[in-house]
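In what follows, a structure is listed as structure tokens, so that the remarks can point back to it.
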Amino acid sequence: MLKRALVYFTLFLCISLSTGCFDILEEIQLNKNGSGTIMVTLNMSKSKTKLASLMLLDSVNGHKIPSEDDINEFFKDAIYHLEKTPGISNIKKTKDFSNYVFTLSCDFNSVENVNIIFKDLIKNKGTNNYTNLSYNPSAHYFKRHFTQEELIKKSFYKLKSEDRKVFDGASYTCIYRFQDKVRAVSNTDAKIAPNKGAVFLKIDALSLILGEKNIQNKIELTK
């Protein structure tokens, strides 16, 4: 079931390979006890006019264009998987086919519940980097783990030159909100909100793919 969801998600991203200007947003609201909410957003609204035309086609540049039914099937499979994951609840989705903005969110009892989701996604993909998030309340820090995979870079260089160009306008953004005040961050590209209650990090997708920058970040919280 999850494998099929990943297939549809790949098809979904193929739309972006024909348009460019897409943004992925990862948001986490973390409570003091380690529970919280995570939301992932795929925003392709900057290319909505072109997307509307592309959705009428079967394929572009050799990439299959998913239909609305394909995208709906992805959400169905993804939600099914989330419902089966321990510690995950309050699953929500939004699908805006007018502006091409899609979100998926859920509550978690512990960041380890989120790591289980990622573990299932990348199982048998030649990596053991299952830990994406960690939180140590006694040491007062939250960490977003990230390890650059050479497979990602190799896959990028296998793309046709016209397909690579679309990543020039793409970005990956992380926003983390806390009940405690933020004292420091390890990623030099990250910014602490003026109220000290959140951390913002935005990186262009190309730098992330090529390993020039990454989203790894250790966020120290006040005691």
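Bear in mind that the values here come from a model prediction, so they are computed numbers and not experimental data.
Thr37 and Asp107 share a side-chain donor-acceptor pair at under 3.5 Å. A donor-acceptor pair shorter than 3.5 Å cannot be found between the side chains of Ser110 and Asn113. Of the N and O atoms on the side chains of Thr103 and Thr94, at least one donor lies less than 3.5 Å from an acceptor on the other residue. Side chains of His140 and Thr222: no donor on one and acceptor on the other come within 3.5 Å.
Ring-plane geometry between Phe75 and Phe102 is classed as tilted, the angle between the planes lying from 30 to 60 degrees on a 0 to 90 degree scale.
Results of the side-chain contact (heavy atoms from CB on, under 4.5 Å) test with Lys202 over Thr173, Ile215, Asp189, Leu25 single out Thr173 as the only residue that passes.
At least one side-chain heavy atom of Phe108 sits under 4.5 Å from a side-chain heavy atom of Ile38. Side chains of Ile88 and Glu83 form no contact here, defined as non-hydrogen atoms less than 4.5 Å apart.
The two residues Val182 and Gly197 make their nearest non-hydrogen contact at CG2-C, 4.5 Å. Nearest heavy-atom pair, Glu112 versus Leu133, reported as atom, atom and distance to 0.1 Å: OE2-O, 4.3 Å. Contact between Leu104 and Ala78 at its shortest, heavy atoms only, is CD2-CB, 4.0 Å. Heavy-atom minimum distance, Ala190 versus Asn217: CB-ND2, 3.5 Å.
Looking at Asn43, its side chain never comes within 3.5 Å of a backbone N or O of Val101 through a donor-acceptor pair. A donor-acceptor distance shorter than 3.5 angstrom exists from the side chain of Ser186 to the backbone of Lys218, with no hydrogens or angles considered. With hydrogens and angles disregarded, a donor-acceptor distance shorter than 3.5 Å links the side chain of Asn136 to the backbone of Ala139. Under the 3.5 Å distance criterion, the side-chain polar atoms of Tyr135 are matched with a main-chain donor or acceptor of Lys32. With Ser207 contributing its side chain and Ile203 its backbone, the two residues share no donor-acceptor pair below 3.5 Å. Asn115 contributes a side-chain N or O that, together with a main-chain N or O of Asn132, makes up a donor-acceptor pair within less than 3.5 Å.
Salt bridge Lys46/Asp23: present, at least one basic N to carboxylate O contact under 4.0 Å. For Glu26 and Arg144, the salt-bridge test passes: some basic side-chain N is under 4.0 Å from an acidic carboxylate O.
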task: Apply the test side chain to side chain contact (heavy atoms under 4.5 Å, CB included) to residues Val185 and Ile192: give CA-CA distance (whole Å), side-chain angles for both, the deciding distance (0.1 Å), then the verdict.
output: CA-CA 8 Å; Val185 295; Ile192 301 174; 4.0 Å; yes

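In this structure, the separation between NZ on Lys95 and OH on Tyr100 is 13.5 Å, given to the nearest 0.5 Å. Atoms CD1 and NZ, on Ile79 and Lys92 in that order, are 12.0 Å from each other to the nearest 0.5 Å.
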